[in-house]
Amino acid sequence: MKIGVISDTHLQAPDAALFQLVQTVFKDVEMILHAGDLTRLAVLDAFSEKDVVAVCGNMDRGDVAGRLKDRELIEAAGFRIGLIHGWGSKNELEERVRTQFKGVDAIVYGHSHQAANHVAGGVLMFNPGAYSGSFLLGSNASVGILELKERITGKIIPL
């Protein structure tokens with residue numbers, strides 16, 4: 001099973017590049033996880049052909065904050081995946097989000113605009129980076145793919 005992972009879109013509505021992403025990078029995924037900072041629920045319209053699970057980020061207000069939870073637990077292909085945006089300084093962000101889930105195989109998070117893909121304490125820690133990139137942090141736009149086979153692995157995809 002493949003899962004598309006995106007975070008920090010920071011859009012008012014889906015743009016042409018987001019629709020293109022679904023037709024290319026996310027073409028073969030069965031599900032999409034959005035790790036927050038959508039800005040508007042309309043962003044999820046780009047993923048209407050896929051199963052989508054999204055959480056609320058620190059920049060989400062109004063329609064997003066009223067509808068999405070701050071964390072979700074997804075069970076897929078025998079794995080448990082925690083989904084959260086994150087908060088506060090990028091320093092120790094990973095440690096903060098780890099405290100929000102127990103008994104998971106992976107934690108998907110966003111917020112820092114910096115990609116991460118490694119195992120810590122037996123848990124895959126996966127941040128796809130930011131769809132919007134980050135001029136201030138010097139990071140380019142990226143998304144990710146999780147593959148759920150004998151084990152769960154991740155891949156960061158620069159845009």
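Below, each value reflects all heavy atoms present in this structure, side chains not excepted, and no hydrogens, waters or symmetry copies.
- Side-chain atoms of D37 do not come within 3.5 Å of backbone N or O of H10 as any donor-acceptor pair.
- Looking at R71 and F101, their side chains come closer than 4.5 Å, going by heavy atoms from C-beta outward.
- Counting only residues at least two apart or on different chains, the side chain to side chain donor-acceptor pair (under 3.5 Å) pairs with a member in residues 56-65 are N58-H85, N58-H111.
- When the side chains of ILVMFWY residues are joined at heavy-atom separations under 4.5 Å, either directly or via intervening members, V108 and L73 end up in two distinct hydrophobic clusters.
- Residues Y109 and E94 meet the side-chain proximity criterion, which asks for heavy atoms closer than 4.5 Å.
- The main-chain N or O of P128 is never found under 3.5 Å from a side-chain atom of S7 such that the two would form a donor-acceptor pair.
- Residues F79 and M1 form no side-chain contact, since every pair of their non-hydrogen atoms from C-beta on lies 4.5 Å or further apart.
- Under the 4.5 Å side-chain contact rule for hydrophobic residues, I3 and V119 share a cluster.
- No single ILVMFWY cluster, assembled from side-chain heavy atoms under 4.5 Å apart, contains both L21 and L146.
- Taking both residues in full, the closest heavy atoms of A130 and D8 are given as CB-CB, 3.7 Å, listed atom of the first, atom of the second, then distance.
- Listed here is the closest heavy atom pair of M31 and L33: SD-CD2, 3.9 Å.
- One finds the CD1 atom of I145 at 8.5 Å from the NZ atom of K155 (value rounded to the nearest 0.5 Å).
- Proximity of a side-chain donor or acceptor of K2 to a complementary backbone N or O of F26 within less than 3.5 Å is not detected.
- At least one donor-acceptor pair under 3.5 Å links the side chain of N127 to the backbone N or O of G110.
- Nearest approach of V22 to A46, heavy atoms of both residues: CG2-O, 3.3 Å.
- Residues D15 and Y131 are in side-chain contact: their nearest non-hydrogen atoms beyond the backbone lie under 4.5 Å apart.
- Residues V97 and V5 do not share a hydrophobic cluster, clusters being chains of Ile/Leu/Val/Met/Phe/Trp/Tyr side chains in contact below 4.5 Å.
- Each of L83, I81, V123 was compared with I107 under the side chain to side chain contact (heavy atoms under 4.5 Å, CB included) criterion, and only V123 meets it.
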For this session: Go through V64 and M59 one step at a time and tell me if the side chain to side chain contact (heavy atoms under 4.5 Å, CB included) criterion holds.
Result: CA-CA 10 Å; V64 178; M59 299 298 290; over 6 Å; no
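- When every heavy atom of A42 is checked against every heavy atom of A13, the shortest pair comes out as CB-CA, 4.4 Å.
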For this session: Check the pair R40 / L11 against side chain to side chain contact (heavy atoms under 4.5 Å, CB included), numbers first and verdict last.
Result: CA-CA 7 Å; R40 295 279 183 226; L11 296 171; over 6 Å; no
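- Within the 3.5 Å criterion, the main-chain N or O of R80 finds a donor-acceptor partner in the side chain of D105.
- When side chains are defined from C-beta on, K90 does not count as touching H113, because their heavy atoms never get closer than 4.5 Å.
- Taking the side chain as every heavy atom from C-beta outward, L38 and T9 approach each other to under 4.5 Å.
- Atoms CD and CD1, from Q100 and I84 in turn, are 4.5 Å apart once rounded to the nearest 0.5 Å.
- Hydrophobic clustering, with ILVMFWY side chains joined whenever heavy atoms are under 4.5 angstrom apart, groups L44 together with V29.
- By the 6.0 Å contact criterion, CD on Q12 is enclosed, its count of non-hydrogen atoms from other residues, nucleotides or ligands being greater than 12.
- R96 places a side-chain N or O within 3.5 Å of a backbone atom of N91 that can act as its donor or acceptor partner.
- Taking every heavy atom of both residues into account, N117 and G154 meet most closely at ND2-O, 2.7 Å.
- Closest heavy-atom contact between L124 and I152: CD2-O, 4.0 Å.
- Side-chain contact check for I6 versus L18: some heavy-atom pair is nearer than 4.5 Å.
- Residues L68 and L41 have side chains in contact (heavy-atom distance under 4.5 Å, counting atoms from C-beta outward).
- Expressed to the nearest 0.5 Å, how far CG of N140 lies from CD of Q114 amounts to 11.5 Å.
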